[in-house]
Amino acid sequence: MNKRLEAAIESALRSAQHDGALPQFTIPRIPASPPKRAGQGDWAYPAMGLARLARKSPLDIARLIVDRLPTLDFAGKIEIAPPGFINCTIADDYLRKQVDAALAAEEAWFQLDIGAGKRAQVEFVSANPSGPITIGHTRNAVVGDAMARLLEAAGYEVQREYYYNNAGNQMIILGKSLQLRYLQQLGEKAELPADHYQGEYLVDIARDLAAERGDSLRGESWQVFKDVAEQVMFGWIKRSLASIHIEHDAFFNETSLFESEHIWSVLEALRAKGHIYQATHWEGAGADEIADVAAKGYQPATWFRSTTFGDEKDRVMVKSDGVPTYTLPDIAYHSDKLERGFDIAVNVLGTDHFSQAQVVRHGIRALGMDPAPIEVIFLQMVRAVRWNADLGEFAAVKQSKRAGDFDTLDDLVAMTSADAVRYHMLARSPNSQLDFDVDQVVKQSNENPVYYIQNAYVRCAGIFREAAERGLGDADADLNLLGESELRFVRKALEIGNVIEQAVRHYEPQKIAFFAHELAGVFHPIYDEVRVLHSEVPAETAKARLRFYRAAQAVFRYLLGLMGMSAPERM
RNA sequence: GCCUCUGUAGCUCAGCGGACAGAGCGCCGGUCUUCUAAACCGAUGGUCGCAGGUUCGAGUCCUGCCAGGGGCGCCA
């Protein structure tokens with residue numbers, strides 16, 4: 001709608017230039033935006049931005065524009081306000097029509113076409129199968145899934161992908177850890193080294209394994225235990241994610257890149273383009289670094305000259321022992337992603353991967369590919385915190401997998417609820433750190449934004465239950481009987497399209513959470529004021545209002561769905 | 001040291017270069033004989049970390065400081 005207003009203003013400006021009222025100049029793109037205050041219309045266009053170019057006062061320019069504005073079906077009153085705003089109000093008639101339009105079109109009313117015919121991929125979670133889903137992964141999961149849902153709402157065909165590193169050292173340690181736990185179950189004295197996974201969950205798996213297989217695995221190598229651990233972990237991970245309504249379409253593992261030899265062909269491609277060299281230390285190394293390398297006695301390794309692309313130092317691709325670092329498979333994986341032809345490939349990562357993501361980008365460039373489709377949402381740290389009465393302050397609950405002391409997604413859901421976890425993890429800018437106060441989310445659950453939003457849906461459901469009992473319907477409703485308040489809600493609901501578009505264009509899925517809360521804030525006062533089943537409400541008015549609440553309920557159902565939250569009939 | 005994120009009401013946070021800076025929670029005072037009060041209404045509460053700059057206009061953009069988080073491995 002704002003786009004159409006901007007286009008109309010641009011054509012008005014052109015016509016003013018054409019008839020000589022304004023001098024010739026390139027018309028800048030000035031966005032119309034919703035004003036903060038009531039009484040300033042629904043869309044405001046600041047003509048002040050044209051004053052210098054047109055060499056006229058902003059108010060005069062606004063006048064010239066308004067006089068030449070083509071008719072717009074949604075526009076009602078159009079006013080000029082100092083210092084030079086053009087305030088456009090949406091016509092009441094248009095708003096009334098939207099009530100029926102929303103109900104007739106159902107989900108299509110919200111659907112955008114900016115992604116029509118385009119494919120998007122969201123890669124998220126991507127936790128190694130070395131333990132349960134932690135609170136950090138949970139934030140990643142919620143943000144990634146919301147992003148995917150928003151892209152779908154924008155018309156994209158979306159694939160949700162999970163990438164995991166199962167070829168590295170961590171998985172070897174995992175296998176060995178389980179092996180030792182298994183031997184402990186058989187009564188052997190086996191000590192777990194400090195760098196092994198200490199978590200109790202491995203004891204559980206070992207116990208099951210001993211129960212099922214007896215001592216038949218006593219002589220097996222760690223690989224066997226690694227495979228068992230990986231398989232069991234993935235079962236847990238998928239089940240945990242499913243508990244907050246998240247499911248991936250594809251699982252991509254690092255091992256497959258080795259099996260297909262893809263990582264080696266990528267390395268050769270880089271070498272052919274002259275970005276690879278063998279050395280004990282990188283080309284720009286200082287005296288300290290060279291001395292350090294000498295002290296460690298390293299043989300030559302394989303380096304990627306990432307400094308060519310602006311990196312601060314070159315990176316090792318293959319260690320001197322012949323084992324690749326994470327960098328090589330990561331580049332290979334992303335080149336594979338791009339070859340699959342996605343228009344957008346969103347990657348949700350913790351900010352601790354910032355440098356790594358930059359190197360991957362350099363690698364993609366070095367291969368001669370365009371990294372533009374790759375977008376990364378970096379998440380700042382999330383901590384589970386609890387009030388510590390002894391200290392008199394909030395203290396972080398540790399979440400190291402290997403230390404065996406952490407809060408998992410399962411714990412969080414058990415302590416709060418899937419809906420509360422999803423909302424609280426989503427309703428925060430990815431750029432901000434998040435302290436997830438477990439006790440607070442539980443304690444305050446009665447005054448929570450989660451319930452505030454869901455209650456809007458519930459209250460509608462209550463009206464329909466009662467109406468059905470009294471045999472009331474909304475057939476032949478005359479929407480002219482709707483009042484100012486109801487139209488205020490429709491006006492706000494119409495912003496959904498803009499919110500989704502902005503969330504998608506700027507990769508800010510949290511916007512939808514804030515918007516849902518705002519819309520509920522518009523809804524609740526109306527619910528109190530605009531009654532349906534009240535003895536003083538005339539039958540025809542009740543019908544119109546019933547239809548309005550049906551549309552409102554559809555809006556909330558849609559919004560809750562976009563956030564992966566449930567829409568309960570009762571609370 | 002370099003890179004990056006954050007700093008807005010007592011607390012947790014929104015805020016798109018535009019008009020007098022916004023919510024929720026907390027505190028204070030009101031509102032249920034009629035669709036769920038998990039709600040609503042009202043009051044209180046701000047030198048937008050500090051200092052410059054760009055602009056007709058800066059919480060928003062630029063530079064420099066200050067404070068806090070994260071990252072800078074032949075780890076994964």
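Every value quoted in this text rests on a predicted model; they were computed, and no experiment measured them.
Rounded to a whole Å, the CG atom of A:Leu349 is 14 Å from the P atom of B:G71. One can place CG of A:Asn431 at 15 Å from C1' of B:G15, the figure rounded to the nearest angstrom.
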* To do: Decide yes or no on side-chain contact (heavy atoms from CB on, under 4.5 Å) for A:Glu6 and A:Trp43, but give the supporting numbers first.
  => CA-CA 10 Å; A:Glu6 286 161 24; A:Trp43 293 104; over 6 Å; no
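Residue side chain A:Phe354 fails the stacking definition with respect to B:G70, as its ring centre and the base's six-membered ring centre are not both under 5.5 angstrom apart and under 30 degrees in plane angle. B:A14 has no stacking from A:Phe514 on its base ring, since the centres under 5.5 angstrom apart and planes within 30 degrees of parallel are not both found. In this structure, A:Tyr298 counts as stacked on the base of B:C74 under the 5.5 Å centre distance and 30° plane angle limits.
Syn is the conformation of B:C32, whose glycosidic angle sits no further than 90° from 0.
In this structure, B:U12 and B:A23 make a Watson-Crick or G-U wobble pair, each of the two defining distances being under 3.5 angstrom. Under the Watson-Crick or G-U wobble criterion, with both distances below 3.5 Å, B:G64 is paired with B:C50.
Residue contacts shown for A:Ala461 are absent, as no nucleic acid heavy atom lies under 4.0 Å away. Nucleic acid contact for A:Ala301: base, since at least one base atom lies under 4.0 Å from a heavy atom of the residue. Within 4.0 Å (heavy atoms only), A:Arg428 reaches sugar-phosphate atoms of the nucleic acid but no base atom. Using a 4.0 Å heavy-atom distance criterion, A:Tyr452 is classed as a sugar-phosphate-only contact. Residue-level contact check: A:Gln510 touches neither bases nor backbone, having no heavy atom under 4.0 Å from any strand. Within the nucleic acid shown, A:Pro46 comes within 4.0 Å of at least one base atom, counting heavy atoms only. Heavy atoms of A:Val530 sit under 4.0 angstrom from at least one base atom.
A salt bridge links A:Lys226 with A:Glu230; the closest basic N to acidic carboxylate O contact falls under 4.0 Å.
One can find a donor-acceptor pair under 3.5 Å joining the base of B:C74 and the side-chain atoms of A:Ser320. Below the 3.5 angstrom threshold, one finds no donor paired with an acceptor across the side chain of A:Gln380 and the base of B:G70. With hydrogens and angles ignored, a donor-acceptor pair under 3.5 angstrom links the side chain of A:Asn87 to the base of B:A19.
Taking the six-membered ring wherever Trp is involved, the centroid distance between the rings of A:Tyr423 and A:His517 does not fall below 6.0 Å.
Looking at A:Arg545, its side chain does come within 3.5 Å of a backbone N or O of A:Arg531 through a donor-acceptor pair.
A close approach under 4.0 Å does not occur between any side-chain nitrogen or oxygen of A:Lys313 and OP1 or OP2 of B:C2.
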